[in-house]
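Computed from heavy atoms alone, side chains included, the values below leave out hydrogens, waters and symmetry copies.
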Amino acid sequence: MALPKRKHSNARTNKRRANWKLEQPSLTECSNCHAMILTHNACPKCGYYRGRKVDHTIKGDDKKKREGK
């Protein structure tokens, strides 16, 4: 495996990291309740995705709540 002969300078490292930017997530409007939601996800408010009702609860958490744990 190749190894670097010299340490990269701080300027060179910082140039490489200059493009690490935070981006806002892409949001779209829910077709059912018109709330802003993440794209390609079921609406957390009404539970609809692409015009159909889907079960958006996590099964493991739901099971624990029913058992009283």
Side-chain angles (χ1 to χ4, degrees):
M1 186 170 158
L3 294 174
K5 286 195 173 196
R6 300 211 181 342
K7 176 184 175 181
H8 281 193
S9 68
N10 289 339
R12 187 169 172 181
T13 303
N14 291 339
K15 280 184 207 174
R16 187 181 68 244
R17 292 181 180 160
N19 295 314
W20 288 13
K21 296 178 187 133
L22 290 176
E23 294 178 2
Q24 285 196 335
S26 300
L27 297 175
T28 56
E29 186 179 348
C30 175
S31 59
N32 189 49
C33 69
H34 305 290
M36 296 306 285
I37 60 171
L38 288 172
T39 55
H40 307 289
N41 281 281
C43 179
K45 293 185 179 183
C46 66
Y48 275 75
Y49 179 68
R50 298 184 75 184
R52 290 182 293 177
K53 180 78 171 165
V54 292
D55 186 19
H56 64 278
T57 59
I58 299 170
K59 293 179 182 176
D61 291 344
D62 202 26
K63 208 180 224 183
K64 288 178 186 175
K65 287 179 186 175
R66 278 191 251 138
E67 293 173 0
K69 291 184 180 177

*Rounded to the nearest 0.5 Å, how far does NZ of K53 lie from SG of C43?*
9.0 Å
_Greater than 12 external heavy atoms within 6.0 Å of R50's CZ_ = no
_Side chains of I37 and L27 in contact at under 4.5 Å (non-hydrogen atoms)_ = no
_Heavy-atom closest pair, residues E29 and M36_ = CA-SD, 4.1 Å
*Looking only at non-hydrogen atoms, find the nearest pair between N41 and Y49 and report the distance.*
O-CD1, 3.4 Å
_Within this structure, what is the CG-CH2 distance for the pair N14 and W20, rounded to the nearest 0.5 Å?_
11.0 Å
*What is the minimum heavy-atom distance between S31 and G51, and which atoms define it?*
OG-N, 4.1 Å
